[in-house]
Amino acid sequence: MSNSLAPRTPASAPRLGLLDALRITAALLVVFYHYTAWGHDHWGSKAPEFWPVLSEFTRYGQLGVQLFFLISGFVILMSMQGKNVIGFIGSRVGRLYPAYWVAVIAAAVLSLVIWPEGNGGRAASDILPNLTMFQGAFGVQNMDGVYWTLWVELRFYLLLGLLLALKLTKIKHIMVLCTLWPALGLYLHFTNLNQLQDKVAGEYAALFAAGMMLYLIYQNGHTLMRWILVAGNTAVAAFFTGLKGQLDASELSGLDIPAWHFQALVVLCVALLAVCTLTPLKHVQAKWLAVAGSLTFPLYLFHQLWGWWIIEELHGVVNKYVLLFGLIVAMLGFAYLVARFVEKPLGLPLRNATIKSLTVSTAWVKKVMSRPVPSISKPKYQQSWHQTR
C-alpha cells in the first residue's frame with residue numbers, strides 16, 4: 001500500500017455517479033431553502049409564513065452548504081493527485097472562474113440596473129473585487145450573497161496548495177492536516193479568537209477534513225485510525241453546524257430550530273458520502289448523473305438573486321406552486337446553458353493559459369534569483385587612501 005497520493009489511472013478511477021447526485025442534491029437543498037425558508041419577503045410576506053408546510057422541511061436546506069464542503073474535501077483531494085502547485089491552481093481557475101465571471105456580471109446588471117431597490121447596498125465599485133473571487137479577504141460586499149461560500153472554499157484550496165508547494169502530500173501529511181486544522185478550529189472557538197477563526201475557516205475545517213479522510217479510505221483502504229479521524233471530524237462538524245444552523249435559523253428566518261437537528265443531519269451527510277463512495281454503490285454510473293452534477297455550480301451561482309427578483313415580479317400574478325417549481329426548472333435550464341456554452345468551451349483554455357503563464361513567470365523568477373550578485377570593487381581613490389595609511 002502506497003504512502004503517497006499517487007495518480008489514479010482513468011481505468012482505476014471511474015466517475016462516481018452518486019457523487020454527482022449528492023452535488024446536485026446539495027444545490028437543490030440550498031435553492032429550496034433560499035426560495036421558501038429564508039426570511040425574505042419577496043412572496044409578499046416572509047417566505048416561511050408564505051410556505052408554512054413546505055418550509056417545515058426546506059428550513060434545513062442550509063445544510064446543502066455543509067454537504068458541499070464535505071464533498072469538496074473528497075473531490076479536491078482527488079483532483080490534487082499528480083499535480084504540482086501550478087497544475088492545481090490552473091485546474092481550479094479553469095473550473096471556477098468562467099461561470100463565476102458571468103455570474104458576477106449578471107448580478108451586477110440585476111443589482112445596479114434592473115433591480116436597484118433589491119441590491120442590498122451593492123455598488124459599482126464592488127464589481128472588480130468580486131471578479132477576483134477574493135473579495136471576502138478585503139471585506140468587500142459580495143455581488144450575490146451566495147458567494148460567501150466561495151471564500152471558504154478558496155481558503156481550503158490555498159491550504160492544499162501550500163501542502164503541494166512544501167511537498168507534504170503523503171497520506172500521513174493529509175492525516176496530520178485532518179487532525180490539526182479542525183483542532184485549531186475548536187481552540188479558536190473556545191478562546192473567542194473569532195477574527196483568526198474566520199481567517200483559517202476553522203468553523204468548516206472538520207467538514208473538509210471528513211471528506212478528505214473518506215477519500216483516503218476510498219483510495220487506500222480502511223484503517224482504524226482513518227475511521228477514527230472520520231468519526232472525530234464528524235463530531236466536530238456536527239458541533240459547529242449545530243451552532244451555525246440554530247443561529248442562522250433564528251436570525252435569517254425567524255425560526256426556532258434545536259441545534260441537534262442540524263447535528264444529526266450533518267452525521268447523515270457524512271454517512272451518505274461514505275455510502276456513495278465506499279460501498280458497491282460507488283459503481284453506479286449514468287450519463288444523466290454526470291450532466292446533473294455539471295449543473296451544480298452554475299445553479300448555485302445564479303439561483304438566489306435572480307430567483308428572488310423573479311419571485312418579486314411574478315408572485316402576484318402566477319400561482320405560487322407554478323412559480324416555485326417553474327422557476328427551479330428554469331434555473332436548471334439556465335445552469336445547463338452556462339455549463340454547456342460557458343464552462344465547457346472556456347474552462348480548458350483558461351486552465352491551460354493559467355498554467356502556461358504561471359510556468360513562464362516561475363521560470364523567470366528562478367532565473368533572476370539564480371543570477372550571481374556582482375561584486376562591488378572599491379573605488380581607486382579609496383584603495384590608494386588605504387594604501388597610504
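These numbers were taken from a predicted model, which means no experiment stands behind them.
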task: Classify the ring geometry between His34 and Trp38 as parallel (under 30°), tilted (30 to 60°) or perpendicular (over 60°).
output: perpendicular
task: State yes or no: do Phe240 and Leu196 share one hydrophobic cluster built from I, L, V, M, F, W and Y residues joined by side-chain heavy-atom distances below 4.5 Å, directly or via other members?
output: no
message: A side-chain contact here means heavy atoms from C-beta on lying under 4.5 Å apart; do His283 and Leu16 qualify?
response: no
statement: Shortest non-hydrogen pair, Ala107 vs Trp306, comes out as N-NE1, 4.0 Å
- prompt: In terms of hydrophobic clusters joined by side-chain contacts under 4.5 Å, are Val318 and Phe325 together?
  reply: yes
task: Given side chain to side chain donor-acceptor pair (under 3.5 Å), test Asp126 with Gln135 step by step and report yes or no.
output: CA-CA 8 Å; Asp126 297 329; Gln135 66 272 14; over 6 Å; no
task: Determine whether Tyr187 and Thr191 make a side-chain contact, defined as any pair of heavy atoms from C-beta on separated by less than 4.5 Å.
output: yes
- request: Supply the atom-to-atom distance Leu332 CG to Leu337 CG, rounded to the nearest 0.5 angstrom.
  value: 11.0 Å
message: Parallel, tilted or perpendicular: which one describes the rings of Phe69 and Trp148, with boundaries at 30° and 60°?
response: perpendicular
message: I need the Leu177 CG to Leu168 CG distance, nearest 0.5 Å.
response: 10.0 Å
- prompt: Pick one: which of Phe74, Tyr204, Tyr300 meets ring-ring contact (aromatic ring centres under 6.0 Å, His included) with Phe68?
  reply: Tyr300
field: Side-chain ion pair, Lys244 and Asp248, N-O less than 4.0 Å
entry: yes
query: Minimum heavy-atom separation for Val270 to Leu214, with atom names?
result: O-CD1, 4.0 Å
- prompt: So, does Gln66 use its side chain to make a donor-acceptor pair with the main chain of Ala237 at under 3.5 Å?
  reply: no
query: So if you build clusters from Ile, Leu, Val, Met, Phe, Trp, Tyr with side-chain heavy-atom gaps below 4.5 Å, do Leu166 and Ile174 land together?
result: yes
field: Atom pair CG/SG of Leu207 and Cys269 - distance to nearest 0.5 Å
entry: 8.5 Å
field: Side-chain donor-acceptor pair present, Ser72, Glu153, cut-off under 3.5 Å
entry: yes
Side-chain donor/acceptor pairs under 3.5 Å, residues 250-263, sequence neighbours excluded:
from, atom 1, to, atom 2, distance (Å)
Ser253, OG, Ala37, O, 2.7
His261, ND1, Tyr60, OH, 2.7

message: Are Leu323 and His315 packed together at the side-chain level, in the sense that at least one heavy-atom pair is separated by less than 4.5 angstrom?
response: yes
- prompt: Do Ile71 and Leu229 share a hydrophobic cluster (ILVMFWY, side-chain heavy atoms under 4.5 Å, transitive)?
  reply: yes
message: Any non-hydrogen side-chain atom of Val365 less than 4.5 Å from a side-chain atom of Met369?
response: yes
statement: Of Leu348, Leu350, Val342, the one forming a side-chain contact (heavy atoms from CB on, under 4.5 Å) with Leu346 is Val342
task: Give a yes or no on this: more than 12 heavy atoms of other residues, nucleotides or ligands lie within 6.0 Å of atom CZ of Phe50.
output: yes
- line: Between Met175 and the options Met212, Lys170, Met213, the side-chain contact (heavy atoms from CB on, under 4.5 Å) test singles out Met213
query: Between the side chain of Arg23 and the main-chain N/O of Gly293, is any donor-acceptor distance below 3.5 Å?
result: yes
message: A side-chain contact here means heavy atoms from C-beta on lying under 4.5 Å apart; do Leu163 and Phe88 qualify?
response: no
task: Write down the atom of Pro98, the atom of Glu343, and the distance for their closest heavy-atom approach.
output: CB-CA, 4.4 Å
query: Going only through I, L, V, M, F, W and Y residues with side-chain contacts under 4.5 Å, is there a path from Val266 to Trp227?
result: yes
- prompt: Is any side-chain heavy atom of Tyr35 less than 4.5 Å from a side-chain heavy atom of His303?
  reply: yes
- request: Give a yes/no verdict on a cation-pi contact between Lys320 and Trp43, requiring under 6.0 Å between NZ or CZ and the six-membered ring centre and an angle within 45° of the axis.
  value: no
- prompt: Is it true that a side-chain atom of Gln197 and a backbone atom of Gly185 form a donor plus acceptor pair closer than 3.5 Å?
  reply: yes
task: Check whether any side-chain heavy atom of Leu70 lies under 4.5 Å from a side-chain heavy atom of Leu67, and answer yes or no.
output: yes
- line: Ile127 and Ala108 have their tightest heavy-atom pair at CD1-CB, 3.7 Å
field: Passing candidate, ring-ring contact (aromatic ring centres under 6.0 Å, His included) with Phe302, options Phe334, Trp308, Tyr147, Trp309
entry: Phe334
- prompt: Are the side chains of Leu96 and Leu150 in touch, meaning some heavy atoms are under 4.5 Å apart?
  reply: no
field: Heavy-atom pair of closest approach, residues Pro116 and Leu112
entry: CB-O, 4.4 Å
task: Applying side chain to side chain contact (heavy atoms under 4.5 Å, CB included), run through Val104 and Tyr100 and close with a yes or a no.
output: CA-CA 6 Å; Val104 170; Tyr100 176 72; 3.4 Å; yes
field: Sidechain-backbone polar pair: Asn194 side chain, Leu188 backbone, donor-acceptor under 3.5 Å
entry: no
ILVMFWY cluster membership beyond Leu180 - transitive side-chain contacts under 4.5 angstrom: Val176
query: For atom CD of Glu117, is the number of surrounding heavy atoms from other residues, nucleotides or ligands below 6.0 Å larger than 12?
result: yes
- prompt: Are any side-chain N or O atoms of Thr241 and backbone N or O atoms of Ala238, one a donor and one an acceptor, separated by less than 3.5 Å?
  reply: no
query: Between Trp51 and Tyr321, does the ring centre distance come in under 6.0 Å?
result: yes
message: Using every non-hydrogen atom in the two residues, find where Arg92 and Ser79 come nearest and quote the distance to one decimal.
response: NH2-OG, 4.3 Å
query: Strictly under 6.0 Å, is that where the ring centroids of His42 and Trp115 end up?
result: yes
Side chain to side chain contact (heavy atoms under 4.5 Å, CB included) between Thr169 and Met80, worked out: CA-CA 9 Å; Thr169 57; Met80 190 178 78; 4.2 Å; yes
- prompt: With distance as the sole test, does Asp41 use its side chain to make a donor-acceptor pair with the main-chain N or O of Gly44 at under 3.5 Å?
  reply: no
message: Evaluate Phe239 against Phe190 for ring-ring contact (aromatic ring centres under 6.0 Å, His included), listing each step before the verdict.
response: CA-CA 12 Å; Phe239 169 74; Phe190 286 111; 5.7 Å; yes
query: Atom OG1 in Thr149, atom CG in Asn142: separation rounded to 0.5 Å?
result: 9.0 Å
- request: Before giving the answer on side chain to side chain contact (heavy atoms under 4.5 Å, CB included), spell out for Leu324 and Leu54 the whole-Å C-alpha distance, their side-chain angles and the decisive distance to 0.1 Å.
  value: CA-CA 11 Å; Leu324 174 63; Leu54 184 58; 3.7 Å; yes
query: When rounded to the nearest 0.5 angstrom, what distance separates CG in Asn130 from CG in Asp144?
result: 9.5 Å
- request: Step by step, work out the side chain to side chain contact (heavy atoms under 4.5 Å, CB included) result for Val65 and Val152.
  value: CA-CA 11 Å; Val65 169; Val152 177; over 6 Å; no
- request: List the steps and the verdict of side chain to side chain donor-acceptor pair (under 3.5 Å) for Ser55 and Thr36.
  value: CA-CA 6 Å; Ser55 64; Thr36 66; over 6 Å; no
message: Once rounded to the nearest 0.5 Å, what's the spacing between atom CG of Leu131 and atom CD1 of Ile105?
response: 6.0 Å
